[in-house]
Amino acid sequence: MSTHKIAIIGLGYVGLPLARLFATKYPVVGFDINQKRIEELNQGSDHTLELEDEVLQAVLVKEVPFGDSVHGLYCSSNLDDIKDANVYVITVPTPVDKHNRPDLTPLYKSSETVGKVLSKGDIVIYESTVYPGVTEDECIPVLEKISGLKFNEDFYAGYSPERINPGDKEHTVEKILKVTSGSTPEIGTVVNDLYKSVITAGTHLAPTIKVAEAAKVIENSQRDINIAFVNELAKIFNLLEIDTHAVLEAAGTKWNFLPFKPGLVGGHCIGVDPYYLAQKAQEKGYHPEIILAGRRLNDSMGQYVASQVVKTMIKKNIKVNGGKVLNLGITFKENCPDVRNTKAVDVIKALEDYSLEVTTYDPWANEGEVEHEYGINSISTIDGVVEKYDAIVLTVAHKEFLDLDLTQFLKENSVIYDVKGILEECDSRL
Ligand SMILES: NC(=O)c1ccc[n+]([C@@H]2O[C@H](COP(=O)([O-])OP(=O)(O)OC[C@H]3O[C@@H](n4cnc5c(N)ncnc54)[C@H](O)[C@@H]3O)[C@@H](O)[C@H]2O)c1
């Protein structure tokens, strides 16, 4: 029987699926400061929809499972419940502040938490996306200070970035090859073996923690830059009156052309992580040009989409001031309930700036959360809506929108604008 007793700190999109996976083989306590989240999980349901209820319920146990080393997941916000763990995995958020600077507060706070219960021989593995150096230069000193223990003598560290894609039911945590690393070569092997025991896709042991940190942050930066490039192409081809999607389809027939599509880049990974890398580069005296240009371009797309909608309305002689728009989708991506850092909001706000009246329908988003986060009233069902609109903007490619009969919401003269390029018929698309 394994001697690993695992505590997962932070039970969000990343932490919960990982805790569930480890719990199929190991005793696991999932710890979160959000009491409501703990209650919901202990009742066997996950509002992020990453885990189906029966999958979660199948691993839940009624008390801390460390005593008998039985496998299973116990969720708690009580520090006492994680004190007997010997592997701590930290999966807390790594946001940016309003100036797009990395905000390491959750990492500092969760390191303090772990520092209070850390014992000799324990391993602390970070999974949150960071710039190279955060684990060893920022988090370890907190662990040392709070615990009074010495790094790489009394306790050890690892870094293993998460690569999940929320809402993606195909690439679930166990099916994604996992990069691992450790603070010494021996600990690297221990960390790697631990993940290898549950990740069916296998693992890649990186030579150092900094290499593993850098690998993750460049994966998302690379995506951001590639999307920025096709967004720039969309702007150019719109001016040239050429259909960008048709161009991409034609170019995509070459074996090494990368299949990126234009769109809004929101969420808390691709739109945020490049700022982490940029910050570290700037600290070292290098001003990143491509990374920040990509960020600027992608951040401008909400405003651009709104201006294109308005242009199309004007071309069709539709009155803009006071016009009614049906916006389809507000989550940051398709088939996922996450509304944090969604760029659909940029489109809505920009349309409102043009004095358009916007109704947002999103069957995935929680209306209360949307109102709380953005002050926007959204509807989660379209049944019973009889209104006709001057423009319909498809902002998020939820599967429900593919079967929605848009004609019922159209006036004799209306605009359909398709941000995602998924509708068969539209007046204009990105
Ligand atoms: N969501 C993704 O698609 C994704 C994919 C790969 C990597 N990541 C990275 O993983 C990390 C976590 O992201 P997420 O989407 O799971 O975040 P999340 O916001 O969904 O979940 C984080 C959880 O941590 C909890 N938390 C915050 N501070 C805490 C503390 N001090 N102690 C204990 N719990 C605390 C929160 O209450 C929340 O439940 C981030 O660094 C993110 O960049 C996210």
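Positions are given from 1 along the sequence. Just so you know, ligand 1 is whichever comes first in the structure, and atom 1 is the first atom listed for that ligand.
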Closest by any non-hydrogen atom to atom 28 (N) of ligand 1: pick that one out of V14, I33, L16. I33
Pairs of nitrogen or oxygen atoms closer than 3.5 Å, one from T113 and one from ligand 1: do any exist? no
Strictly below 4.0 Å, N to O, side chains only: are R163 and E127 in salt-bridge contact? no
Check A391 against V309 and note the closest heavy-atom contact, atom names and distance. CB-CG1, 4.3 Å
Can a side-chain donor-acceptor contact be found between K343 and T395 if the only test is distance below 3.5 angstrom? no
Between F401 and Y361, does the ring centroid distance fall short of 6.0 Å? yes
Under 3.5 Å, is there a donor on one side chain and an acceptor on the other for D273 and Y131? no
Counting heavy atoms only, name the option from P93, G10, P95, G167 that's nearest to atom 22 (C) of ligand 1. P93
At under 4.0 Å between heavy atoms, what of T91 touches ligand 1? The answer is backbone
Quick check: does R340 get an N/O under 3.5 Å from an N/O on ligand 1? yes
Does ligand 1 have a heavy atom under 4.0 Å from the side chain of P161, from its backbone, from both, or from neither? neither
The closest protein heavy-atom partner of atom 41 (O) of ligand 1 is T94 OG1, 2.5 Å
Heavy-atom contacts with G12 under 4.0 Å: which atoms of ligand 1 show up? List them by number with element. 16 (O), 18 (P), 20 (O), 21 (O), 23 (C), 39 (O)
Considering only protein heavy atoms, which is closest to atom 15 (O) of ligand 1, and at what distance to one decimal place? H268 CE1, 3.1 Å
Among all protein heavy atoms, pick out the one at the shortest distance from atom 6 (C) of ligand 1; state its residue, atom name and that distance to 0.1 Å. E162 O, 3.1 Å
For atom 20 (O) of ligand 1, the closest protein heavy atom turns out to be Y13 N, 3.1 Å
Can you pull out the closest protein heavy atom to atom 11 (C) of ligand 1? Residue, atom name and distance to 0.1 Å, please. V92 O, 3.3 Å
Atom 5 (C) of ligand 1: closest protein heavy atom, distance to 0.1 Å, is I164 O, 3.3 Å
Taking the six-membered ring for Trp and the full ring for Phe, Tyr or His, determine whether the centres of F22 and Y195 are under 6.0 Å apart. yes
Any N or O of K109 closer than 3.5 Å to N or O of ligand 1: no
Do V179 and K216 come within less than 4.5 Å of each other through their side chains, counting heavy atoms only? no
Rounded to the nearest 0.5 Å, what separates atom CG in L194 from atom OG1 in T180? 9.5 Å
Only one of L248, L258, L430 forms a side-chain contact (heavy atoms from CB on, under 4.5 Å) with V230, so which one is it? L248
Relative to the heavy atoms of I9, which atoms of ligand 1 are at a distance of less than 4.0 Å? 32 (N), 33 (C)
Please indicate whether any nitrogen or oxygen in E127 is less than 3.5 Å from any nitrogen or oxygen in ligand 1. no
Identified side-chain hydrogen bond (donor to acceptor under 3.5 Å, both in side chains) counterpart of K333 within the set N165, D338, D168: N165
Using a strict 4.0 Å threshold on nitrogen-to-oxygen distance, state whether D46 and R37 make a salt bridge. yes
Show which atoms of ligand 1 fall inside a sub-4.0 Å distance from at least one heavy-atom site of S110. 31 (N)
I want to confirm something. Looking only at heavy atoms, which of D32, L18, T105, V217 is nearest to atom 37 (O) of ligand 1? D32
Give a yes or no on whether the ring-centroid distance for Y26 and H71 is below 6.0 angstrom. no
Using distance alone, decide if ligand 1 has a nitrogen or oxygen within less than 3.5 Å of any nitrogen or oxygen in N34. no
Out of V347, V345, V396, T342, which residue meets the side-chain contact (heavy atoms from CB on, under 4.5 Å) rule with L264? V347
Quick one: nearest non-hydrogen protein atom to atom 9 (C) of ligand 1, plus distance? T129 OG1, 3.5 Å
For C269, the ligand 1 atoms whose distance to one of its heavy atoms is below 4.0 Å: 2 (C), 3 (O), 4 (C), 5 (C), 8 (N), 44 (C)
